[in-house]
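This report refers to the structure that appears directly beneath it.
Note that the structure is predicted; figures quoted are calculated from it, not measured.
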Amino acid sequence: MSHASSHPASHGRSIHSPRSVQSRRSFLQWGVAAAAATAAAPVIAACGGSDGETGANGQITLKVMGFEVNPEEKGSPLDKAYKKFLADFQAEHKNITIDSIATPPEFDTKIIVDLASGTAPDLWSQDASSLAPLIDRKLLLDMRRCTEKLPSLDTKRFFPAVLDIHEQKDGAIYGLPNDFTPMVVYYNTDLIGKAGLTAPAAGWTWDDQLELAKQLTKDGRGRTAADAGFDAADITQWGYRAGQYAYQWVYRTWQNGGDVLAPDRSTATGYLDSAATLEALQWYADLVLKHKVSPKPSVLDSITEKSSFEAEFMAGRFAMFDSGHWSLVGLTAAEGYKPELLGVAPQPASKTDATVLYESSFVIRHDLPEEKIEAAARFVEAATGRSYQDTKAITGIAIAGNQEAAEASLANADSQFAGLDPVFVEATAKGRPPSGSQLAKYPTIEGLLDEMMDRILAGGAVETEAKKTVKLIDQELDAQ
């Protein structure tokens, strides 16, 4: 997972995207950099027609994307991990030359065009939230072709819930996990300790979270949101940060037994407007509008205009927020960061404690020449093996897709996240695939959900806004 991956196509690739201050895609592009391709190796056409791709001496060149960092990250632990992995692989596989290229802007759109024109890379790191369009267009290689050629590339190395993102009903597997994160709840341990409260932990509920948020929301005179006389116009400490972007709340509908779409992703009718989903949306909106434990998005923007949210969190301005593992990158770099101030908890439960898994995987183009498939399989085997996957604990951007590596990192005293990662790993079994891995139109639908929640948090009636959005979503789905 690289500095991006933070989310789907609809959210831009930079940390400060037009639609989300901390967009999922800006971090969840897991391992994919948003720089122009400037690799030192010669550019090789990827469709098998280029001279030198497979030489007479059996030399194979693989054009690989996802192992180059942004210019400002040169020399970082992530950059060093990439360089070491590529050098080690090259040293071990003398007959395979790796042409490592950087990821271009607007990659999700560009890759489809490049695949159609034959100029795409052979293998790349793909955000699961934009996987469905590639599967629908049959642009990816079934990874069973690789495991057949290289039995040592064993799918048992992956977390079952993460591998499920890629497995199709017909048994095909489009992509193998690189790294991932469930959405969890971050909390400021100092604020909880000073208030004499118990930190959230597995088994907590929506009611527990609401009560904790009330106790941790304070006005200028130190009164909490649970106290008489609390002044909601003078809040100096917020108990929670709600988000209007669907990736920050869609799993809340799951927790209440609802959803925004039918299981087959064919309609929103009967799901986004169901009683269970409306109840979940109302509970979430009430955190902002009724209980006043979270700022409206416009107020949040004004708070973070001169300072990052991470710095405000570390300074004690916020007590809790939902996010993925990628937030650790910003938090540990924020002014005022102290590891002892930071805690994470699994999602609270209403009917369930479900969460979502945002993930990146290694995928291969569907038309890779037969003579190159084994070489690509060896690269994926190495990239999903212990040696490279162990570096995830160092970079901190995500949890290793290799289950053994992820679990080994929990006992790694050298990892600054050793005390937090068990929560992420344990939450994995409760995780569900992102809808963008199953529905090609989901980025557009997600945009409609974002706009719906934006209106709701501004005071719009939940049922009215949901029903309006159901019609818009179904229009999009009917246009398929």
Side-chain angles (χ1 to χ4, degrees), residues 6-7 11 15-17 20-24 26-28 181-192 195 197 199-201 204 206 208-218 225 235-252 255 283-288 291-305 307-339 341-348 353 355-356 358 396 417 420 423-424 427 450 453-454 457:
S6 209
H7 183 60
H11 286 277
I15 293 176
H16 300 287
S17 81
S20 169
V21 174
Q22 184 98 37
S23 89
R24 195 160 76 259
S26 38
F27 278 111
L28 287 181
T181 179
M183 290 290 276
V184 300
V185 179
Y186 286 78
Y187 61 88
N188 185 305
T189 59
D190 188 51
L191 297 184
I192 289 175
L197 301 171
W204 69 320
W206 281 14
D208 295 332
Q209 184 173 29
L210 175 58
E211 184 58 31
L212 190 59
K214 286 181 178 180
Q215 295 292 338
L216 292 169
T217 301
K218 295 185 177 182
I235 296 177
T236 58
Q237 177 180 303
W238 297 92
Y240 184 67
R241 182 200 70 179
Q244 75 266 44
Y245 299 106
Y247 82 91
Q248 299 170 306
W249 57 260
V250 68
Y251 45 90
R252 295 289 190 165
Q255 290 167 8
W283 182 87
Y284 197 74
D286 284 348
L287 296 173
V288 175
H291 304 298
K292 312 292 186 183
V293 298
S294 172
K296 291 183 177 180
S298 58
V299 174
L300 177 63
D301 287 346
S302 67
I303 292 172
T304 57
E305 187 175 0
S307 174
S308 70
F309 173 77
E310 291 83 3
E312 293 293 329
F313 177 79
M314 284 300 167
R317 190 81 180 269
F318 294 87
M320 291 183 287
F321 71 101
D322 283 30
S323 195
H325 203 281
W326 66 81
S327 279
L328 291 171
V329 178
L331 289 166
T332 55
E335 181 181 356
Y337 168 72
K338 296 179 182 178
L341 296 180
L342 189 58
V344 293
Q347 287 294 320
D353 54 354
T355 187
V356 62
Y358 295 126
F417 308 120
L420 305 177
V423 175
F424 290 91
D450 292 348
M453 184 57 76
D454 196 34
L457 295 184

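Between the side chain of Asp353 and the backbone N or O of Gln347, no donor-acceptor pair lies under 3.5 Å. Under a 3.5 Å cut-off, the side chain of Trp249 and the backbone N or O of Gln244 do form a donor-acceptor pair. Under a 3.5 Å cut-off, the side chain of Glu310 and the backbone N or O of Ser327 do not form any donor-acceptor pair.
A distance of 4.5 Å separates NE2 of His291 from CG of Leu210, quoted to the nearest 0.5 Å. Here the CE-OH distance, from Met320 to Tyr187, works out to 11.0 Å after rounding to the nearest 0.5 Å. Considering OH of Tyr186 and NE2 of His325, their distance stands at 6.5 Å, rounded to 0.5 Å. The distance from the OG atom of Ser294 to the CG atom of Leu300 is 7.5 Å, given to the nearest 0.5 Å. Annotation: the span from Tyr284 atom OH to Tyr240 atom OH amounts to 4.0 Å, rounded to 0.5 Å. Rounding to the nearest 0.5 Å places CE of Met314 at 9.5 Å from OG of Ser308.
In terms of the salt bridge (Lys or Arg N to Asp or Glu O under 4.0 Å) criterion, Asp208 has no residue partners (sequence neighbours excluded). The side-chain contact (heavy atoms from CB on, under 4.5 Å) search around Thr332 returns Tyr337, Gln416, Phe417, not counting sequence neighbours. Under the ring pair (Phe, Tyr, Trp, His ring centres under 6.0 Å) criterion, Phe313 pairs with Phe321, not counting sequence neighbours.
The two residues Ala311 and Ala334 have their closest heavy-atom pair at N-CB, 3.8 Å. The two residues Ala195 and Leu216 come nearest to each other via the heavy atoms CB-CD2, 4.1 Å. Residues Met453 and Gly243 come closest through the heavy atom pair CG-O, 4.1 Å. For the residue pair Pro200 and Ile192, the shortest heavy atom distance occurs at CD-CD1, 3.7 Å. The heavy-atom pair separating Leu420 from Val344 by the smallest distance is O-CG2, 3.6 Å. Across Val184 and Ala345, no two heavy atoms sit closer than the pair CB-O, 3.3 Å.
Salt bridge status for Asp322 with Arg252: present, with a side-chain N to carboxylate O gap under 4.0 Å.
Val299 is listed as a side-chain neighbour of Ile303, based on a closest heavy-atom distance under 4.5 Å. Arg241 places a side-chain heavy atom less than 4.5 Å from the side chain of Gln248. Residues Thr355 and Met183 form a side-chain contact, since some pair of their non-hydrogen atoms from C-beta on lies under 4.5 Å apart.
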Q.
Test side-chain contact (heavy atoms from CB on, under 4.5 Å) on Phe424 and Thr181; report intermediate values, then the result.
A. CA-CA 7 Å; Phe424 290 91; Thr181 179; 3.7 Å; yes

